[in-house]
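Read through the structure below, which is laid out as structure tokens, and then see the notes.
A quick note: this is a predicted structure, and the numbers were derived from the prediction, not measured. Proteins get letters first, then strands, A, B, ... in listed order; numbering begins at 1 in each.
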Protein chains: 2
Amino acid sequence: MTPHPAPRPEPPAQERGRRRRASLLKAAVALLAEGGFAAVTHRAVAHRARLPLAATTYYFASRDQLLAEAFAELVEAELDTTRDWITRHGLPALADHVAAADRARQLGLWELYVHAGRDPVLQQIARRWTDGCVRIVADVLDVPASDPRARLLYTAVSALWLEHLVEQRPLSQARALLTLALDLTLDHAGPTTAEETS
Amino acid sequence: MTPHPAPRPEPPAQERGRRRRASLLKAAVALLAEGGFAAVTHRAVAHRARLPLAATTYYFASRDQLLAEAFAELVEAELDTTRDWITRHGLPALADHVAAADRARQLGLWELYVHAGRDPVLQQIARRWTDGCVRIVADVLDVPASDPRARLLYTAVSALWLEHLVEQRPLSQARALLTLALDLTLDHAGPTTAEETS
DNA sequence: GGCGAAGTGGTACGGGTGTACCGATTTTAC
DNA sequence: GTAAAATCGGTACACCCGTACCACTTCGCC
């Protein structure tokens, strides 16, 4: 029978349903960006999407699932933006991108990233974020994605970025460190003991 | 006057009070380390310290203050541990330290670090953490703390560390990247040739 | 047309939260 | 000693949470 135990089977299958679901997800992403993690409650999401409370439980099996999908969406959007920006302006100007970015949004992203350390589902998404960023750096450096220099450079840049985000030190400092990181990485154009390639 | 509006004036002034307060703080730190952020509730802290619920509001003006003090304590302890370990085993072996560290505790620390981006009080503590770590790296590199190489190296290492913590990639990868980071940094103008023990 | 499934939304439940309250007890000051 | 101040601790309040429930409407399809 299943009159309405309907936790959530598959994609909504009806047009309006799909729109509603997407709308909830968008609201969740926005809340995540603004207030981080704790701000994404069923009630807040539903209210923001101008939908009744029950819609959230109808389209998402649980808060965790909602959060995971929102995280994935946020990561994907972030990767697109970053790739676009870097290929347009180049690596050394990255500091300006960071400076211009929406701080609350970035904080929310990192918040979820750390939280991914305690949740396997989120961990997978976190990995995709890192891999995506490494890929971007490798592409713009014109080296294979497996080149450890690309990976290290991304790592350094991401930490610079997080540090700037959290501690809000003068931008000039981040800029100088970014330049230094690029110098060190590119100077070392040599063979770079790449042990594994595959 | 003030029969008992007593939000919390100053240090407890009575011996037992000071002990109780410290005990609460210790419990908060432990909870922070284990379950992160959300686990630090008045009730959980009081229960863990074997004190009545009201003790938490008596000794701390608010949950935020309790959290801030716990964060400060955690950071201070972490700095001590790290300095100790590095001066004893050297930078290249850092990967082993990370591998051996208590994962939940580190995650809690980073969780609070990111959260510091939204709270000025915590931000100050976050800065002290970074400064402390930079200082440690600078000391062991035998360069002034203001040397951008020290700062950059710390930044790279911290990101490597966070990435490892969250994404749980094979340790060998982190180790390789750490070595590369050290190479790049020291090559540039390094006064020392660190012995390599692979 | 009809009928079962999908979707909808108002409401309720059980639980956890931060914090205030306030009588009882201990400590300190004189 | 005694009174005032500090401390204690049990309890209560108001709020917010995730989620379940269930009567209702709308849709897809034969």
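In this structure the side chain of A:Asp96 reaches within 4.5 angstrom of the side chain of A:Trp85, judged on heavy atoms. The shortest distance between side-chain heavy atoms of B:Lys26 and B:Glu73 does not fall below 4.5 Å.
Here the options are B:Glu111, B:Glu34, B:Glu78, the test is salt bridge (charged side-chain N to carboxylate O under 4.0 Å, His left out), and the partner is B:Arg105; only B:Glu78 passes.
Side-chain N/O atoms of A:Thr41 include one lying less than 4.0 angstrom from OP1 or OP2 on D:dC17.
In the interface, the side chain of B:Arg43 is paired with the base of C:dG18 through a donor and an acceptor atom under 3.5 Å apart.
Residues B:Leu153 and B:Leu91 come closest through the heavy atom pair CD2-CD1, 4.0 Å.
Rounded to whole Å, atom P of D:dA20 lies 9 Å from atom NE2 of A:His42. C:dC22 atom C1' lies 15 Å from atom CG of B:Leu53, rounded to whole Å. The CZ-P distance, from A:Phe37 to D:dC17, rounds to 14 Å in whole Å. The distance between atom CZ of B:Arg20 and atom C1' of C:dT25, rounded to the nearest whole Å, is 12 Å. When rounded to the nearest whole Å, the span between OH of A:Tyr58 and P of D:dC22 equals 17 Å. Taking atom CG on B:Leu24 and atom C1' on D:dG9, their separation rounds to 13 Å, with Å as the unit. A straight line from CZ of B:Arg18 to C1' of C:dT27 spans 13 Å, rounded to a whole angstrom.
Closest contact between the side chain of A:Ser62 and the listed nucleotides C:dT8, D:dT19, C:dG18 involves D:dT19.
Residue B:Leu51 is classed as having no contact, given no heavy-atom separation below 4.0 Å to the nucleic acid. Counting non-hydrogen atoms under 4.0 angstrom, A:Thr56 reaches nothing in the nucleic acid.
Position along DNA chain D of the nearest nucleotide to A:Ala54 versus A:Val40 favours A:Val40 as the more 5'-ward residue.
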